[in-house]
Structures are given as structure tokens and as C-alpha cells.
Amino acid sequence: MQLRYNYRAYPDASQRIALASAFGCARVVWNDCLRDRKEAHAAGLPYVKSADLSRLRVTQAKRTEERAWLADVSAVVLQQSLRDLDTAYKNFFDSIKGKRQGRKVGPPRYKSKKDTRQSIRLNTNAFSLQDDGAVYVAKVGGLKVKWSRRLPAAPTSLTITKDSCGRYFLSFVVDTEPDILPGLDVDAGIDLGLSAFAVLSDGSKIDSPRFLRRAEKKLGRLQRELSRKAKGSKNRAKARIKVARQHAKVADRRRDWHHKASTQIVRDNQAVYVEDLAVSGLGRTRLAKSVHDAGWSAFVGMLEYKAVKHGRTFAKVDRAFPSSQVCSACGFRDGPKPLHVRVWTCGECGTVHDRDHNAARNVLFEGRRIVAAGRVETLNASWSAGKTRTKVPAQRGEAGSPRKGQPAQAGIPGL
């Protein structure tokens, strides 16, 4: 399986200039190739092949006066930008044809130098790990990296990212074997909410940390300071970075908390079942800020890939399942209830239910039924889980930390 490991990088002044040049060149190649394909489509011409674009917009463009600066960066950066455009088009076409699951994917769009996130992608031909702990990048130099943990294996690709507040990150994709945990006889159904972030079927509750709500006062003050600055001034640029840093702190705290909570749940349960919530729909209601602050989608994604990584069973219960309407004691469907009703009594058996705990128990029972029926859509729901080399796409977020007492087997030479 593939995992992604993120590390903070600290380039010096000359390296920041070189990275800015690489970001810009990759963006120009992307925009030039995208423009050629859009113009060909508008003219009714066939789809422009990647080989033609590579020859025209990379090889020949370097020999022209207006694009001669493309030769100042690694050719791998430019070629990978074209490959990323091909991937974006493939995802768009697969989404139209119904081959791609999930939300519909739109066509590729032009990139701007004012985008808050700049990135380049490299393969093993353009970077290497040094014995002194630095990461050498072609035509950039050795980047100083804060190694928060060791890599479990040699990386296969590297993505260098600059975020909105000026921080640099190195993201390595690593091929590893699943880290199978000892089997347990415990499984859990999870009901996600706002008052309590998650309620488990055993009755335990995980309180919602509300990181954004706790930072609203400071964010509001920084936003007011930003709005008073003249557009285009240096003071406005400084104020914008302050706002971006505060938002980054909130996102980092939420992500760290999600990793710790999801790892604990996966370690303590052999099977995890969660309701498939319509987060995008809830994000358009009056509860939008609280829904986005909770980060349910990111949390469920972490549960899913960690279950694959550690040999656990994971299943999603359909969002149409009436988990809050059914009595978990007798199975009687008591009808819909408004959100302010937190405790209710079953009209059939008289059992008094906590709304969230009852929903978690129903999610548990429905998840068991789905797994027993063989309809679970997980990669580790068979007897051969952990015995075969499972192909799993690397997550965009950082992978979970190794288990305490069992660190990763391999590391970076010299560290």
C-alpha cells in the first residue's frame, strides 16, 4: 500500500528563489498546454496528445526567447506538470462517463501566480536523500528538513508545496506493507454530530474541540486589521500572512486531533462502521460553520485508510438509513424527530434512548448486516487481508504515526 509522509522544509533565500522559479515554470507549462487543448477543442480538432505538447511546450519552447527561462529548472518539473494535466483530464473524462465514483469532477482550470498554494512534483530522477539528512532537489540544492519521524522505506515521489502563509512542505509517497494489528473481538458503530463530535455504540462520547470557534475572536481582529489596509500595499501583504497563519494553526490543530482520535478508534476495534453523511449538503445550511469546523469528511477518510493499513474492517452505512428513528432495543421505527429532541421513549417497548447513542447502536447493527451480506466496499474485508499486496492510493493528508513500541523498520540513512 502507499502512504504519504509530510515534513516541514526550511529553504534558505537562494533556494526560495529557485523554488519560486520552479513553481512559476510548472504553472506556465500547465497553462500553455491547457490553452492548446482548449483551442483545439473549440476549433473542432482532435484531442492534442501529450507527446505533441511535450515537444512544443517544453522542448521547443526552451529554444525561444520568450520561454528560454524554462531551462533554468529541472526538466522533470515541467514533464510532471504535463502529466498532472493528463491526470486532471482523465479524471474529468472518467467522471463524465461514470467510471469515477464520488462527486463530479470539472475540467482543468488555469493556474495563477496569486494562488494561495504553489506546488511541484518530482520523481526519483530529480531528488535524493542525503546522508546528512538534507533532501537534494535538482537545480535547487539541499533542503533542510525537520524529520519528525523516519521514513519506513525509500520514497517513490516527492511533492514540494508552499502554502498560503509561506511555509514549505515535502510530501513523500512510500510503498509499504500493511501494519496488521492483533485481532480483537470488539467492533464499533459511530454517530457523528456537533454537540458531541462522535458517539460510539458502547456509549462513550468524544467531545467536539471546536478549534475554529475558539479562534474566532483572534481571527476576527486580524480580519478587521486586514480590511483597513490599502490594496496592493506591503502592510496588506503582511496582514494577509497573519490571517493565513492563524487559519493554518486552526487547520493543523484539527488535523492532529483527527489523527489521534481516528488512530485510537482503529486500534481499539476490529471493525468500524460509520454513517455516510452528506457533508456538502450540510455545508450549505445555517450549520455550515460548525459542520466545516468539525471536519467529518477528513475524519472518516482517516478511519478508512487506517483500517486498510492495520487490517481492520471498515464500512459506511447509507445516509438514507433511519438510524435516529429506529429503536435499537426492539427494532420499532418510531418516526422522524426534530433536532432539539435529544432523549426519546420508544412507543413499542418503552425503552428510553439517548438520541446519539441509539443512532450509534443502529449504525453498528446495520454495519454488521452489510459485512455479513458481503456488500462491504472495503479493501480488507476478506480472509486474505494483510496477506496480499493491496493497492491503496496515498492520502493527501499525512499518514498516522507508528504504533508505540513498534516503530517503522527502515529509515533515512544517516539519521
Side-chain angles (χ1 to χ4, degrees), residues 6 8-32 34-35 38 65-70 72-73 77 81 84 88 106-121 140-141 143-144 146 159-171 209-256 280 283-295 298 396-397:
N6 294 338
R8 180 80 179 271
Y10 297 89
D12 56 29
S14 62
Q15 291 172 345
R16 287 196 294 269
I17 295 174
L19 287 174
S21 178
F23 295 148
C25 292
R27 181 180 64 250
V28 167
V29 171
W30 170 286
N31 290 341
D32 287 347
L34 178 59
R35 186 180 301 108
K38 283 181 176 290
E65 184 177 355
E66 60 177 3
R67 289 286 191 266
W69 34 264
L70 289 177
D72 296 338
V73 303
V77 172
S81 181
D84 291 342
R109 298 180 293 181
Y110 292 110
K111 294 184 178 181
S112 171
K113 65 179 180 180
K114 296 183 179 180
D115 290 342
T116 57
R117 183 180 180 274
Q118 304 284 342
S119 66
I120 56 174
R121 199 184 312 276
V140 175
L143 295 176
K144 181 182 177 181
K146 179 65 176 178
T159 302
I160 305 177
T161 305
K162 180 185 178 183
D163 65 6
S164 58
C165 54
R167 301 182 301 177
Y168 293 84
F169 293 93
L170 304 184
S171 179
R210 296 186 176 91
F211 294 106
L212 179 61
R213 295 291 186 181
R214 287 157 52 182
E216 272 187 325
K217 184 176 181 180
K218 186 173 183 179
L219 277 171
R221 176 175 59 81
L222 294 176
Q223 290 280 10
R224 289 191 295 271
E225 292 178 359
L226 174 62
S227 65
R228 298 189 187 104
K229 302 297 187 293
K231 291 186 177 181
S233 65
K234 292 184 178 180
N235 286 335
R236 184 177 180 87
K238 294 177 183 178
R240 185 202 62 80
I241 292 178
K242 289 183 180 179
V243 175
R245 284 176 179 171
Q246 187 60 28
H247 276 292
K249 287 182 180 179
V250 174
D252 290 345
R253 290 167 183 167
R254 182 188 299 115
R255 188 184 307 108
D256 179 71
S280 59
R284 294 192 293 268
T285 65
R286 61 185 180 86
L287 301 175
K289 183 178 289 188
S290 297
V291 169
H292 292 310
D293 190 15
R396 294 182 63 87

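Please read all numbers here as calculations on a predicted model, not as lab measurements.
For the pair W30 and P108, the minimum side-chain heavy-atom distance is below 4.5 Å. Put simply, the side chain of R214 reaches to within 4.5 Å of the side chain of P209, judged on heavy atoms. Put simply, the side chain of R8 reaches to within 4.5 Å of the side chain of F169, judged on heavy atoms. You'll find the side chain of L143 reaches within 4.5 Å of the side chain of I160, heavy atoms only. In this structure, V29 and V77 have side chains that are not in contact, with every pair of non-hydrogen atoms separated by 4.5 Å or more.
Applying the salt bridge (Lys or Arg N to Asp or Glu O under 4.0 Å) test to pairs two or more places apart or on separate chains, those with a residue in residues 225-250 are R221-E225.
Between the OG atom in S112 and the CZ atom in R27 there is a gap of 7.0 Å [rounded to 0.5 Å]. For the atom pair CG of L222 and NE2 of H247, the computed distance is 8.5 Å after rounding to the nearest 0.5 Å.
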| task | Report the C-alpha separation of D252 and R167 in whole Å, then their side-chain angles, then the decisive distance to 0.1 Å, and conclude whether the salt bridge (Lys or Arg N to Asp or Glu O under 4.0 Å) test is met. | result | CA-CA 13 Å; D252 290 345; R167 301 182 301 177; 2.9 Å; yes
| request: Could you give me the CA-CA distance, side-chain angles and deciding distance for I120 and V73, then say whether side chain to side chain contact (heavy atoms under 4.5 Å, CB included) is met? | output: CA-CA 11 Å; I120 56 174; V73 303; over 6 Å; no
| field | Derivation of the side chain to side chain contact (heavy atoms under 4.5 Å, CB included) call for R121 and D84 | value | CA-CA 9 Å; R121 199 184 312 276; D84 291 342; 3.2 Å; yes
| said: salt bridge (Lys or Arg N to Asp or Glu O under 4.0 Å) for D256 and R253? Distances and angles first, verdict last. | reply: CA-CA 5 Å; D256 179 71; R253 290 167 183 167; over 6 Å; no
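Across every non-hydrogen atom of D293 and R210, the tightest pair is OD2-CA, 3.3 Å. Of all heavy-atom pairs between R117 and S119, the closest is NH1-OG, 3.6 Å. Nearest heavy atoms, V250 versus A215: CG2-CB, 3.6 Å. Annotation for R254 and L212: closest pair NH2-CB, 3.9 Å, computed over non-hydrogen atoms. Between G283 and A288 the shortest heavy-atom distance is O-CB, 3.1 Å. Taking both residues in full, the closest heavy atoms of R35 and Y110 are given as CA-OH, 3.4 Å, listed atom of the first, atom of the second, then distance.
Side-chain atoms of S290 and R213 form a donor-acceptor pair, as typed in the model, at a separation below 3.5 Å.
The main-chain N or O of A230 is never found under 3.5 Å from a side-chain atom of N235 such that the two would form a donor-acceptor pair. With hydrogens and angles disregarded, no donor-acceptor distance shorter than 3.5 Å links the side chain of T116 to the backbone of S164.
Residues passing the side-chain hydrogen bond (donor to acceptor under 3.5 Å, both in side chains) test with K289 are E216, sequence neighbours excluded. The side-chain hydrogen bond (donor to acceptor under 3.5 Å, both in side chains) check on D12 picks up S14, with sequence neighbours excluded.
Of the charged side-chain nitrogens involved, none lies within less than 4.0 Å of a carboxylate oxygen, so that D115 and R109 do not count as a salt-bridged pair.
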